[in-house]
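Each remark here refers to the structure printed beneath this line.
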Amino acid sequence: MPVFDVRVTIANKQSLPDPEGATILQDLVRRNNNTDVTEIRTARLLKFKVSAPTAQDACKNISEMCRELRIYNPLVSEVSVESD
Amino acid sequence: MGFEVEYVWHEHRLPSGVDLVVLPGGFSYGDRLRAGAIAAHSPVIRDIRELGASRTPIIGICNGFQILVEAGLLPGALLLNDSLSFMCKWTHISVENNATPFTRLFERGEQIHIPVANGQGRYYADEATMRELTDGNQIVFRYADDINGSTMQIAGVCNSERNIVGMMPHPERASEPEVGPADSDASPIFRSLLQESGAARQ
């Protein structure tokens, strides 16, 4: 069975403040005159290698696993799952 | 205090006849993924879940609170402090609900001088969860000041049946004069438990 790279990105929901992103924006990016940048949101990236019949199956299996094991907290996080 | 106490390794099962469970603070799995997220799947949690459903008193302190939240036994989430830093300081909390097995010896509104020590201690509840907490009188402790950005300055909550309580501050570090300032006394949390479990009969 082929092995696929699956990337899971976990970020705070947009409705939640992201103090880390805000600090990077205020104290590094904008302080150094990059005034065209208006927002930075941080996220966590998990990279899986998974065997599955197709890339679509790989994404589906990983999505289900992430939900079952609460790899992300649905109350505060949104998640995206993608494969090449 | 009159308890017969047994430490249980998280990969083992709980012994039978347990009157109450304390999930202490510290770190589990180095807070990897999120504080408490991996320990929430430890084998012992299955037994804690069953005990919780049968109304056995369970208290989670600091990392214990984070584990109970991640296991879905308490509502909400615990996020990085606003400061993004580990916070270790003495603070004041008030008792918002004294109708739990852990707070019955307090007056409602009573202040406790108590330490906090955590990195991911900012309690978060969305609107729906806040409604649930408010309607069910599930907010147990609140900080007197906004120390970390917690929703409604919440320091501790309970489940709707009120037998499971979680709190970020450390009552065990504020219950003996040897380790805390003279005006700190969180020992009623443990004495309430003794009364609840009947262990005080000794």
Side-chain angles (χ1 to χ4, degrees), chain A residues 4-32 34 37-50 58-83, chain B residues 28-43 45-46 49 65-87 118-133 138 146-152 154 157 159 166:
Chain A
F4 295 94
D5 287 318
V6 176
R7 293 180 302 281
V8 175
T9 308
I10 303 165
N12 275 359
K13 285 182 180 169
Q14 194 65 31
S15 55
L16 256 75
D18 179 355
E20 188 173 8
T23 304
I24 298 167
L25 176 71
Q26 308 285 355
D27 298 329
L28 181 62
V29 174
R30 287 180 72 92
R31 184 177 282 179
N32 288 284
N34 299 290
V37 182
T38 57
E39 187 182 48
I40 297 176
R41 305 284 296 185
T42 58
R44 165 172 280 199
L45 175 66
L46 304 181
K47 292 156 87 173
F48 294 80
K49 282 196 188 293
V50 53
C59 286
K60 185 168 161 281
N61 296 347
I62 293 294
S63 293
E64 277 167 19
M65 190 198 69
C66 287
R67 193 169 47 246
E68 247 168 54
L69 295 178
R70 275 176 65 106
I71 297 258
Y72 66 99
N73 182 338
L75 185 72
V76 293
S77 304
E78 51 198 15
V79 69
S80 68
V81 179
E82 20 176 41
S83 178
Chain B
S28 52
Y29 296 95
D31 278 356
R32 291 186 175 91
L33 190 58
R34 286 184 309 282
I38 298 180
H41 294 277
S42 285
I45 297 296
R46 282 201 297 270
R49 215 179 274 286
F65 182 18
Q66 293 162 333
I67 293 168
L68 290 174
V69 165
E70 288 293 340
L73 290 166
L74 288 173
L78 287 150
L79 308 178
L80 263 180
N81 294 328
D82 257 358
S83 62
L84 303 176
S85 301
F86 187 88
M87 169 189 286
N118 61 65
Q120 297 176 34
R122 174 164 59 103
Y123 185 79
Y124 172 78
D126 61 10
E127 258 178 55
T129 309
M130 269 317 294
R131 254 197 312 278
E132 182 191 322
L133 288 175
Q138 289 173 242
D146 181 9
I147 60 164
N148 62 1
S150 293
T151 306
M152 290 278 291
I154 289 172
V157 297
N159 62 340

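Sequence lines set the chain letters: A, B, ... in the order given, protein chains first and strands last, and positions in each chain run from 1.
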Requested in this report: Return yes when atom NZ of A:K13 has more than 12 non-hydrogen atoms of other residues, nucleotides or ligands closer than 6.0 Å, and no otherwise.
Outcome: yes
Report yes if some heavy atom in the side chain of A:S77 is under 4.5 Å from a heavy atom in the side chain of B:R34; otherwise report no. no
Would you call B:E127 and A:S15 a side-chain contact if the rule is heavy atoms closer than 4.5 Å?
-> no
Residues A:V76 and B:A77: closest non-hydrogen pair is CG1-CB, 3.8 Å
Taking every heavy atom of A:E68 against every heavy atom of B:H41, the minimum-distance pair comes out as O-CE1, 4.3 Å
[X] side, atom [atom1]; [Y] side, atom [atom2] - distance, nearest 0.5 Å:
X: B:L80; Y: A:T42; atom1: CG; atom2: OG1; answer: 8.5 Å
X: B:D82; Y: A:T23; atom1: CG; atom2: OG1; answer: 9.5 Å
X: A:L16; Y: B:D126; atom1: CG; atom2: CG; answer: 8.5 Å
X: A:L75; Y: B:Y124; atom1: CG; atom2: OH; answer: 6.0 Å

Proximal component of [X], with respect to chain A [non-hydrogen, under 4.5 Å]:
X: B:T129; result: side chain
X: B:L79; result: side chain
X: B:L84; result: side chain

Whatever's closer than 4.5 Å to a heavy atom in chain B on A:L69 counts as both
Hey, does the side chain of A:R70 reach the backbone of B:E70 with a donor-acceptor pair shorter than 3.5 angstrom?
yes
